[in-house]
Amino acid sequence: MEMKAITQCWGPSGREGKISELIKSEAEKYADEVYTDALGNLIAHKKGSEKKIMLAAHMDEIGVVVTYIDENGFLRFSNIGGVYIKRLLNRRVEFANGVIGVIDTESDNKEMKLSKMFIDIGASTKAEAESKVSVGDMAVFVGDYIETDSVIISKALDNRIGCAALLEVMERASGDNDVYFCFTAQEEVGLRGAKAVAYSVAPEYALAVDVTDTGDTPSADKMAVKLGGGAAVKVMDRSVICNADVRSLLIELAKRDGIPYQLEVMTDGGTDAGAIHTSRDGVKTGGVSIPTRYIHSPSEMASKADYNAAVKLLTAFCEYKF
Ligand code: CO
Ligand code: ZN
């Protein structure tokens, strides 16, 4: 799957239909069965007789939702997931039908409060606006795909880069484990899809595959993870303390195969691992993350080498004889 297609695809939380279809078209080439559940999770199963393993990558992205349309055709909106309100000025958003809007604020001093902000879709009346969008319609941030020798820049690398990794692992991994590749819905609004799919799959081992923050720019908080430092083996985030055996195994496999890795302690935010590890009577859960700068902005940046390292490490985990 082309990274450009998967990152640029439209799919905010709860509206994962398009991205699910795109991933499904690729997953069907490698999995024994591909199906969806009532929440919109997409599950690709590669059958095996040994351990039941779940890999989870969320396919939803953050966005906005229209709450009100005023007399002059301007849209008021709320956030879907963790939107940095102070950085929204003059950002572009795109609705499912391709309508593009620009975010601005009514406030004189450019005070950045959601209640003062609006989306301008170029309509001059309420009727004109309503012919294009409705209350309840969602939009995602516009952020073009750019690739250099070393990095990828795009909107929604969180977490389409994780989805791309799962597809690549699905293609490569052999062995006898029974592996469920789960492309989850509604992570950005509270790990909702993963909760249902962890229950239905009931895995013995699970890994959440997502992006993680880095500490390597002038704007970043102190953190050991850096771009280009390898796949990040999650120790913990705000939603999970990873199973020690799973963490140790990932490190052992990285060392065995010469895969660059680094340890991740993310002090802000959670991942699907949070919902999975407390499912049923508990699941041994870890995480492999792809270090990403400027998370939840339209210009997220990740390293191609880190991505490749994560694919190798995840493949080794899926093939491991427990
Ligand atoms: Co996110
Ligand atoms: Zn994410």
Side-chain angles (χ1 to χ4, degrees), residues 3 6-16 19-20 23 40-42 54-65 79-85 87-88 91 93 138-141 143 152-167 181-195 197-198 206-214 220-221 223 225 227 231-234 236-240 242 264-277 285-303 306-307 310 314:
M3 191 71 81
I6 201 165
T7 56
Q8 291 294 304
C9 187
W10 193 93
S13 308
R15 297 288 181 272
E16 293 93 356
I19 181 64
S20 174
I23 293 170
N41 295 299
L42 177 74
M54 172 178 174
L55 298 191
H58 71 87
M59 59 183 167
D60 61 314
E61 64 186 303
I62 59 167
V64 296
V65 59
N79 61 302
I80 301 290
V83 169
Y84 291 116
I85 292 161
R87 300 186 209 154
L88 288 182
R91 291 262 153 88
V93 295
M138 292 183 190
V140 303
F141 293 97
I152 298 162
I153 302 167
S154 178
K155 68 115 171 145
L157 283 181
D158 176 13
N159 181 31
R160 304 295 171 65
I161 196 169
C163 295
L166 254 61
L167 285 168
F181 298 86
C182 302
F183 301 88
T184 62
Q186 300 192 37
E187 188 270 353
E188 296 289 1
V189 290
L191 325 180
R192 295 175 191 172
K195 191 174 177 183
V197 75
L207 292 179
V209 183
D210 206 335
V211 299
T212 187
D213 286 324
T214 69
D221 293 330
M223 184 182 181
V225 175
L227 217 66
V233 173
K234 189 183 288 293
M236 63 174 283
D237 61 34
R238 282 286 161 241
S239 69
V240 66
C242 291
E264 171 208 344
V265 177
M266 190 166 75
T267 55
D268 256 339
T271 54
D272 278 342
I276 298 165
H277 79 296
T285 304
V288 171
S289 308
I290 297 152
T292 301
R293 293 175 178 167
Y294 323 119
I295 290 178
H296 288 196
S297 87
S299 303
E300 298 174 336
M301 180 189 289
S303 144
D306 293 343
Y307 168 79
L314 291 163

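Sequence positions, counted from 1, serve as the residue numbers for this chain. None of the values given here were measured: they were computed from a predicted structure. Atoms within each ligand, like the ligands themselves, are counted from 1 in listed order.
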Chemist: Test side chain to side chain contact (heavy atoms under 4.5 Å, CB included) on Lys155 and Gln8; report intermediate values, then the result.
Modeler: CA-CA 7 Å; Lys155 68 115 171 145; Gln8 291 294 304; 4.0 Å; yes

Chemist: Hey, does the side chain of Asp158 reach the backbone of His296 with a donor-acceptor pair shorter than 3.5 angstrom?
Modeler: no

Chemist: Using 2.8 Å as the cut-off, note every protein N, O or S atom close to the Co ion (ligand 1).
Modeler: Asp158 OD2, Glu188 OE1, Glu188 OE2, His296 NE2

Chemist: Would you say that Val189 contacts Ile80 through its side chain, given a criterion of any heavy-atom pair below 4.5 Å between the two side chains?
Modeler: yes

Chemist: My understanding is that only residues two or more places apart in sequence, or in another chain, count here; which of them pass side chain to side chain donor-acceptor pair (under 3.5 Å) with Thr184?
Modeler: Asp272

Chemist: Quick check: are there more than 12 heavy atoms from other residues, nucleotides or ligands sitting under 6.0 Å from CZ of Arg91?
Modeler: yes

Chemist: Treating Asp210 as the side-chain partner and Ser289 as the backbone partner, does any N or O pair qualify as donor plus acceptor under 3.5 Å?
Modeler: no

Chemist: When you check the space around the Zn ion (ligand 2), which protein N, O or S atoms turn up under 2.8 Å?
Modeler: His58 NE2, Asp158 OD1, Asp210 OD1, Asp210 OD2

Chemist: Looking at Glu16, is its backbone amide N or carbonyl O close enough to the side chain of Asp60 to form a donor-acceptor pair, meaning the two atoms are under 3.5 Å apart?
Modeler: no

Chemist: Going by salt bridge (Lys or Arg N to Asp or Glu O under 4.0 Å), name the residues that satisfy it together with Lys234, two or more places apart in sequence or in a different chain.
Modeler: Asp237, Glu264

Chemist: Take Arg160 and Ile19 through the side chain to side chain contact (heavy atoms under 4.5 Å, CB included) test and state the conclusion after the steps.
Modeler: CA-CA 9 Å; Arg160 304 295 171 65; Ile19 181 64; 3.7 Å; yes

